[in-house]
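Notes follow once the structure below has been shown.
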Amino acid sequence: MDCRGLGVVSENPYVHLLNDLSLIPISHYFFAFLGFSFAFLYHFLEFHFLQDLFNGFRGSLVSLTYNPSSPIYHGVVSKCRILHARYLATPWLSSPHFQTVFLSLFGRPPAFSYRRELFTLSDGGTVALDWLLSSDVSGGVFSTNNAIPKGDTTPIVLVIPGLTSDSDAAYIKHLAFNTAKKGWNIVVSNHRGLGGISVTSDCFYNAGWTEDLRTVVSNLHDEYPNAPLFLVGLSVGANILVKYLGEDGDKVPVAGAVAICSPWDLLIGDRFIGRRLLQKIYDKALTTGLQGYAQLHQPRFLRLANWEGIKKSRSIRDFDQHATCIVGKFETVDTYYRRCTSANYVGNVSVPLLCISALDDPVCTREAIPWEECRANMNIVLATTKHGGHLAFFEGLTAAGIWWVRATDEFLKILHSSQYMHVQKMVSFGTQSSLDSSIDQGPYVNIAEDGMVAAVGNEQAKENRTEDVLEQEKTHQRKTNEMVSGEQDDHMIKPEPCSAEIVQSSEQATRRQDSKPLDVITPVRRCLDRLSQQSRWSFWLLVYVAIVTSWPLVGSALQIFFRKKLRNVFPAA
């Protein structure tokens, strides 16, 4: 046998390998492509259907973070069955992105009509308050002639919408209808310039503008002093809510509150939403909503802001640079984010507050959640779910219900029947402003998230009372709550790493990479370890699917390869 012929074959192994691979049927390539595509999309879109399938569609437990000595937990939350049960997302919406997009495009809101009242603010601005009374939905018959008596004791729930959202948003309609159906009255306080109302002053709202909320709350308390007042903030509205509660402390005439999907730290949220491709898509969508808001009020934005910069904005940060910072007189965008971050005010919240967030929220990252601050405050209970998306939390096979709506209703009802409702410590009249209040920061332009329509009206604020309140606040010194550190409970979640630490570690990693030779295996191994930690069952199932679907291709290639090897080792006679 001529061995020189074998030498020629060994010199060009890749050429022969490519020729042999051409013999593999195209169908094998097709199935391999489908398998790898499925595995990639499953991870990229953060599906959890397979994990739910292995768990028998039981859902995951709700994790509660609270102070061990918290009377709000032991007296109220401990009696909430929904918060101590499991949350299972709608199976065909088993992705935070699918849930969030479905809420924005469809949402399946109930059909009803609000009654509108226009509320005039002290600076000449106007907000629309949209009311839905329990009598409007009783028996499925809507009425527009009923009015709330002055001495009515029926609880009132005031809702603060998200970014560019109003009372017509699907998630707010779910909350409003469910609350009114249970016998309470609900009112949605639309932001300035939203809900079909024109901007009537040079003051705009933003993510930290609490003065409008403070004025509306004070007016409702004066109009209906016997009705317990509860607040519910959603997304950016939750950030405004928590900031307001922290600014005014014991002075707020609020019995209890709920914050849903709060961004908590605007600076961390800004870094997060520009980090990955999917988050950049959300960023662009929200920016488009802000540009639409500016377009509705173009004459004032032309005069007060950088209109050309607004039109060219590609991100929320760009919009804030050309609009919010200019109108609000912030030095930089980061200055605006730091001043309006609600996490700075968590320690001074004196009202029973339930906070609900999804750990897979694609808009408001879990990295911004102030875990330790919530645990230290005995008035706060933080409930987190593994899934839910942003403000979605759909449940049931038909996605007809929203989980956080049921959880909010149960919490407020148990709080109302308990002895733990907050009682205002210092009675105040008219508009108030506290230390570091947003009234001292001038007008702003805010960020929102959905679209809604609202209606309500009120009397104009009395200027003489405002002067008295401002005089009182000059001599008033804010009470600082002592941070109570408690041992970690079984239901608590470990706090997420600080953003500064993340940035520092990433910089150190970059230096190490620059000083060391290129390492290809380490990043892949780190990624696999991270995947296995997040969901062990889903990870190994994906590995199995990838192997099975790619085996026709890989198997054929191995068969050809080993056939060549055997032919070289055992040459034919």
Side-chain angles (χ1 to χ4, degrees), residues 48 52 55-91 93-94 99 110 134 155 157 159 171 174-184 186 228 230-234 238 255-262 351-361 369 374-375 377-389 391-422 488-493:
H48 50 84
D52 293 339
N55 290 334
F57 291 103
R58 294 184 301 134
S60 57
L61 287 171
V62 180
S63 299
L64 300 176
T65 302
Y66 57 92
N67 190 292
S69 303
S70 170
I72 306 304
Y73 173 79
H74 295 290
V76 180
V77 176
S78 63
K79 302 176 182 178
C80 296
R81 295 183 178 181
I82 296 175
L83 293 176
H84 285 85
R86 295 173 176 267
Y87 166 65
L88 174 64
T90 299
L93 292 175
S94 58
Q99 288 223 39
S134 59
V157 177
V159 181
Y171 62 89
H174 277 283
L175 174 63
F177 186 82
N178 188 78
T179 302
K181 198 78 173 176
K182 297 299 177 61
W184 288 16
I186 188 166
F230 300 92
L231 305 185
V232 178
L234 304 154
V258 180
I260 309 294
C261 295
S262 174
V351 171
L353 174 64
L354 171 66
C355 304
I356 297 178
S357 295
L359 298 182
D360 65 353
D361 192 322
I369 299 177
C374 291
R375 183 180 292 115
N377 192 324
M378 291 192 292
N379 297 304
I380 297 178
V381 174
L382 172 65
T384 55
T385 60
K386 292 182 63 177
H387 310 298
L391 296 174
F393 294 84
F394 286 105
E395 58 183 353
L397 291 177
T398 60
I402 295 180
W403 177 84
W404 65 260
V405 172
R406 293 195 302 117
T408 298
D409 177 74
E410 182 185 45
F411 170 77
L412 294 181
K413 292 297 174 61
I414 296 178
L415 176 62
H416 177 247
S417 61
S418 72
Q419 60 179 341
Y420 298 103
M421 284 196 302
H422 175 260
Q488 182 175 356
D489 188 85
D490 293 338
H491 298 289
M492 295 181 186
I493 303 176

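Just the heavy atoms: all of them, side chains too, but no hydrogens, waters or symmetry mates, feed the values below.
Residues S418 and V76 share a closest heavy-atom pair of OG-CG2, 3.8 Å. Considering every non-hydrogen atom in both G388 and Q99, the closest pair reads O-OE1, 3.8 Å. Nearest approach of A238 to I260, heavy atoms of both residues: CB-O, 3.7 Å. Counting all heavy atoms, side chain and backbone alike, I402 lies closest to A392 at CG2-O, 3.0 Å. Heavy-atom minimum distance, L353 versus A259: CD1-N, 4.0 Å. In plain terms, the two heavy atoms of A383 and L64 that are nearest each other are CB-CD2, 3.6 Å.
With values rounded to the nearest 0.5 angstrom, F393 atom CZ is found 10.5 Å from E395 atom CD. Distance OG/S357 to CG/L382: 6.0 Å, rounded to 0.5 Å. Note that the OG1 atom of T385 and the CD1 atom of I356 stand 8.5 Å from one another [nearest 0.5 Å]. To the nearest 0.5 Å, atoms CG (L83) and OH (Y73) are separated by 9.5 Å. The distance from atom NE2 of H74 to atom CE of M378, rounded to the nearest 0.5 Å, is 10.5 Å. Annotation: the span from L359 atom CG to H387 atom NE2 amounts to 9.0 Å, rounded to 0.5 Å.
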Q | Verdict with supporting geometry, C261 and D361, side chain to side chain contact (heavy atoms under 4.5 Å, CB included) | A | CA-CA 8 Å; C261 295; D361 192 322; 3.8 Å; yes
Q) Hey, mind stepping through L88 and R58 against side chain to side chain contact (heavy atoms under 4.5 Å, CB included) and telling me if it holds? A) CA-CA 7 Å; L88 174 64; R58 294 184 301 134; over 6 Å; no
**Q.** Full working for side chain to side chain contact (heavy atoms under 4.5 Å, CB included) between V351 and N379
**A.** CA-CA 6 Å; V351 171; N379 297 304; over 6 Å; no
Q.
Could you walk me through whether Y87 and I82 satisfy the side chain to side chain contact (heavy atoms under 4.5 Å, CB included) test, starting with their C-alpha distance in whole Å, then the side-chain angles of each, then the deciding distance to 0.1 Å, before giving a yes or no?
A. CA-CA 8 Å; Y87 166 65; I82 296 175; over 6 Å; no
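Ion pairing between a basic and an acidic side chain is recognised when a charged N comes within 4.0 Å of a carboxylate O; K386 and D360 show no such pairing.
Judged purely by atom type and a 3.5 angstrom limit, R375 has no side-chain atom pairing as donor or acceptor with the backbone of T65. The closest donor-acceptor contact from the side chain of T90 to the backbone of G396 lies under 3.5 Å. With hydrogens and angles ignored, the 3.5 Å screen pairs no side-chain donor or acceptor of N67 with any backbone N or O of N377. Panel note: side chain S94, backbone P91; a donor-acceptor pair is recorded below 3.5 Å.
Taking 4.5 Å as the limit, some side-chain heavy atom of L234 sits within range of a side-chain heavy atom of Y171. Using a 4.5 Å heavy-atom cutoff, the side chains of V258 and W404 are not in contact. Using a 4.5 Å heavy-atom cutoff, the side chains of V62 and R86 are not in contact.
Paired with L412 under the rule side-chain contact (heavy atoms from CB on, under 4.5 Å), one option of L354, V232, T179 passes, and it is V232.
Using bins of under 30°, 30° to 60° and over 60° for the plane-to-plane angle, the ring pair W184/F230 lands in the parallel bin. The aromatic rings of F394 and H174 sit perpendicular, their planes meeting at an angle over 60°, well past the 30° parallel limit.
Residues satisfying the side chain to side chain donor-acceptor pair (under 3.5 Å) criterion with K79, sequence neighbours excluded, are absent altogether.
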